[in-house]
Every structure is written in C-alpha cells, then in structure tokens.
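What follows is a short report on a single structure.
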There are 2 protein chains.
Amino acid sequence: MDAEPISDALVRRLRTTSGLTADEEQAIRVLPVTVRSYGANQTIVRDGDRPTECCLIVAGFCLRAKTTSTGHRQILSIHIPGEIPDLQSLHLHELDHDLVSLTDCTLGFISHIALRELHRRWPNVAEIFWRDTLVDAAMFREWIVNVGQRPAPSRLAHIIVELRERLRIIGRVDPDGFEMPLTQEQIGEAMGITAVHANRVIRQLREDNVVELHRGRVTVLNEMKLMELADFDGRYLHQSPSL
Amino acid sequence: MDAEPISDALVRRLRTTSGLTADEEQAIRVLPVTVRSYGANQTIVRDGDRPTECCLIVAGFCLRAKTTSTGHRQILSIHIPGEIPDLQSLHLHELDHDLVSLTDCTLGFISHIALRELHRRWPNVAEIFWRDTLVDAAMFREWIVNVGQRPAPSRLAHIIVELRERLRIIGRVDPDGFEMPLTQEQIGEAMGITAVHANRVIRQLREDNVVELHRGRVTVLNEMKLMELADFDGRYLHQSPSL
DNA sequence: GTGGGTTCCAAACAAAAGTTAAGGACGCGC
DNA sequence: GCGCGTCCTTAACTTTTGTTTGGAACCCAC
C-alpha cells in the first residue's frame, strides 16, 4: 500500500465521484508532488497564510477549523486520504481557517502553478476540481444544519455516519468498525459543545447501545438506532457523477 | 434603477470582488436571461430538484435553507441582488437545499447551457465564477463558527455585520441603517435558536442600545459595541481580487 | 373601520448545555 | 516499574436555551 503512487487515493475517489476519464487520470498522476510527513496536531497551513501549493492527504487524518477571538475553536470538517482540503486556496489567495493534522500524516503538496497548468490543458479536470470544491461547500451546509438544529446525540450520530460514508469510498470501513481519531475535546469542537458535554453524549450513546467510541475507533452497536438518530440523507455528499 | 440592465448588479459585484475585465464583463452582459417575479416566501428551487438554469437575484432578498426530518429549518445564507445563490447547480446536478424568496423578488434565470458556453469561451470568467462559489463556501464556514461557538447575542451581531458588509458593496447601506427583512422566526432559524429566544436576544441588544431591529430594517445604535460583540473579521468575504 | 392573520412580545417553567473541579485510566519515555 | 502527561470520567452547580402559552401590536383586505 505504501508502494502505491501518491495520487492513487485522489484518482480513485475522483473516478467514482466525478467520472474521470483515463486520459484525465493520467494527467493528474503525472503532477509533480512533494511529499512531507507531519506528526499529529500540527498546523499545516494557518489562517491568514497565502499558500502557493495545495495539500493532498496521502495517509492520515486532518481537520479544518477556525478560532474565535475568545479562543473557542470550531472544527469545520474532517479530512481523509485522497482529499485536497485546501483546494480553494488556488483561487482564494488568503486562507481563512487552519488546516491541522489529526494523526501522523503523509501529505503531498502540489504547486498552484502546476494545477493551473493542468486546468488550462484539461478544462474538464478543472470542472471536476471545481465540482470537488462544491461538494466541500455542500458538506459545510450540512454541518451548519447539524450544529444549528440537531440535538447533541443526533449531531454526534450524524458526524459518525458521514465519516463512515466517506471512508467507505476509499475502502477504510471494516465489518467491526472504522477509524475516527478524535479526542472527546475535538468531538466537542466539531459539534459546537464543550468536552464535558461531549463526554455525556458519548456515554449516553454507549449506554443506549448505539455506538461505542474507543481509542479512535467507532464500533456500531445498533445500526438502525444510529441511522435514525443521525437523520442522515447522503445526497449532499454527491458521491455519484450524475448527482 | 429599473431601467438598468438585468446583470448590472452581478457585473458590478464581480468587478470589485474579482477584477473582471471589460471584455469579460461584456460577455456576461450578453447572456440570455429570463426574468421572473416572485412574491415573498416562495420556494424558487427545492431540495431534490435538478435545475437546468441558475438564478440571479436582480431585486429583493432570498435565503437558502435545509429542513431536518423533524421539521426544523436551518437558514444557511441570506442573498442580496447581484448574487447567484444556486451557481453550484451547474456542476452539482441535484440540489441539496431550498432557495426561497424572502421578499418580493425579481429574478433572472440563466440556462446552464449558456453558462457552460460562456465558460468554454472565457476560461477566466469560469475561474471568476468558481471563485464566487469558493467565497460562498467561506461564508458557510464562518456561519458554522457563528452557530457553533458564539453566544446568541454575538451570533446576531455577526449576522447583522456580515449582511451590512455585503450590502455596502452594492450601495445599499444608508447612514441611518439598512434592510434586513427577516422575521424574528427567521432570525432564529439563521442563528440555530428558537423564535422565542431570538426575541429575547433582540430585546437585549435593543435594551443595551446596540442595535434596533424594526420592520425589516437595522439601525445601529452603538457601532463599537456592535463590532465588539460580532467578533467580525471580514477577511473571509474575500472582497478584493487579491485575496 | 373592521376582522383576521401574522408578527412581536413576554412570563413561567423545563430541559439542555456550560463551568468548575477532581480523580482515574492509560500510554509513553526513562 | 515509575512518573508524567494526556485523555477520559463524573459530580454539583450555574447559565443558557427551549417549551408552552397568551396577549398586544400591526398590517392588509374587504
């Protein structure tokens, strides 16, 4: 698996979600990529930066977050291998949030120049990348609904199910669960609640035999209850090219 | 003002935020637009629809919202003249939320076909439109922070200040205030709280002489207090082409 | 101008979430 | 194996927010 080309996860994802052709795939594969490794909890790019390259997650988990002037951090999204969390920096020059590693990560950096050249030569790839940023926005919209309207247990259920759907596409869901390497503090920051309350909610879902969170892994105990709680309608993920 | 060409507000906005050239501006101006009028509180396009055209707001206010299975509605954004709230439908075929008129509206519909042709002929305009959807996403990110991390009075202050910043660009802010035609119920739906609590918060801001909301208009009573409450850093709006 | 709908307002009470604090489990490095 | 730091856990208490309800103000249509 480590021997796989760097952009493999990206290409596989775009193929299933956006209908990439073989030529286009090849054009992406030959992009020059600089690989760097990061430990957990490191800031890759920071609010206010003006990056000159985009960051492809090759291995590990990242998150995007903003911090208010009072020091409260809100997690905006969780990112998995094959995603380019800061693709928007190609056209939005100043970053308006942080990109942080959640676990040890292998990241591939692709220069804006190379990406712009790719888009010039392959307008259809540009459209596919545009589409990718639109799905990103769709996920933010759903995240707003989650934080704004759902009771805390449903919020957690929704985050869990969304992550699972996305991990499925890259073949990272086992029968006995999947990885979700967030601390309770971070889960709270994702749901817009405190760590103490996050702990209460997690305990409740465990006591009700819905899901078990342990050591960065999720085990689903009752699929039906989970889905009912989550109020999950995956259409917003636009996982098929026709959507 | 009614005699102005339909795409005037759009073109003026893109010129200041994205650096549109005269040629590109002309290409946008000659787009075929179908104008239709809507009353207040009408659904323009609905969650699940597959629109074949995009909707430019010529006059009036609109909002985007999603409704959970329990019937709770979350407002995702408020839109003003010159914006194309459903530009994403060009590449995300199935709509994942509703677009609703807030006031009486004049809307200009532009077919996806015409827009795609525009993008093919003017790749730089495509990039500007892409950028526009990226700013959209940036606004969603800030909206998540607002709903997730700020206390209710700050939330309201933030929404007010953001709307004001955007209205300023299209010249719709007077010395004595600006239009914000939301009911208290809708303000609640935007903040992720109930209408009763929205009323409490509005009352508090009025009693503290910060802002006055009355008949769909905002009057700022204490600019300093408002900005302090709002925790507003407008960089996420990316209102200058260099950002 | 009257009547009916919507919006606004507000009180009383219930529930959810935040705060503070402190102990326990666990993992890692020495 | 010990100590240290991070994360998890829980309790007691406070604050914020939701719920229910009812009335007042306002607006528009007739």
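Just so it is clear: chains get the letters A, B, ... in the order the sequence lines come, proteins before strands, and each one is counted from 1.
No more than 12 heavy atoms of other residues, nucleotides or ligands sit less than 6.0 Å from atom CZ of A:Arg46. The environment of CD in A:Gln42 is crowded: more than 12 heavy-atom neighbours from other residues, nucleotides or ligands sit within 6.0 Å.
The closest side-chain heavy-atom distance from B:Asp231 to A:Thr70 is not below 4.5 Å. Between A:Leu76 and A:Phe140 there is a side-chain heavy-atom pair separated by less than 4.5 Å.
A residue-by-residue look at A:Pro153 and B:Arg206 shows that B:Arg206 has its nearest nucleotide of DNA chain C further toward the 5' end. Each of B:Ile202 and A:His214 lies near DNA chain C, and the nucleotide nearest B:Ile202 is the one positioned closer to the 5' end.
Atom-to-atom, CG of B:Asn41 to C1' of C:dT7 comes out at 12 Å; the value is rounded to the nearest Å. Distance A:Leu156 CG to C:dA17 C1': 15 Å, rounded to the nearest Å. Remark: C1' of C:dA17 and CD of A:Glu189 are 16 Å apart, rounded to the nearest angstrom.
Nucleic acid contact class of A:Gly192 (heavy atoms, under 4.0 Å, all strands): sugar-phosphate only. Nucleic acid contact for A:Thr194: base, since at least one base atom lies under 4.0 Å from a heavy atom of the residue. If you check every strand for non-hydrogen atoms under 4.0 Å, A:Arg200 touches a base. Within 4.0 Å of A:Ala152, counting heavy atoms only, lie sugar-phosphate atoms of the nucleic acid but no base atom.
Residue A:Arg215 has a polar side-chain atom (N or O) positioned under 4.0 Å from OP1 or OP2 of C:dG27. An OP1 or OP2 oxygen of C:dC9 is reached within less than 4.0 angstrom by no side-chain nitrogen or oxygen of B:Arg203. Within the 4.0 Å cut-off from OP1 or OP2 of C:dC8, not a single side-chain nitrogen or oxygen of B:Asn199 is found.
Once you apply a 4.0 Å limit to the heavy atoms of chain A, the touched nucleotides of DNA chain D run 5' to 3' over D:dC7 to D:dA12.
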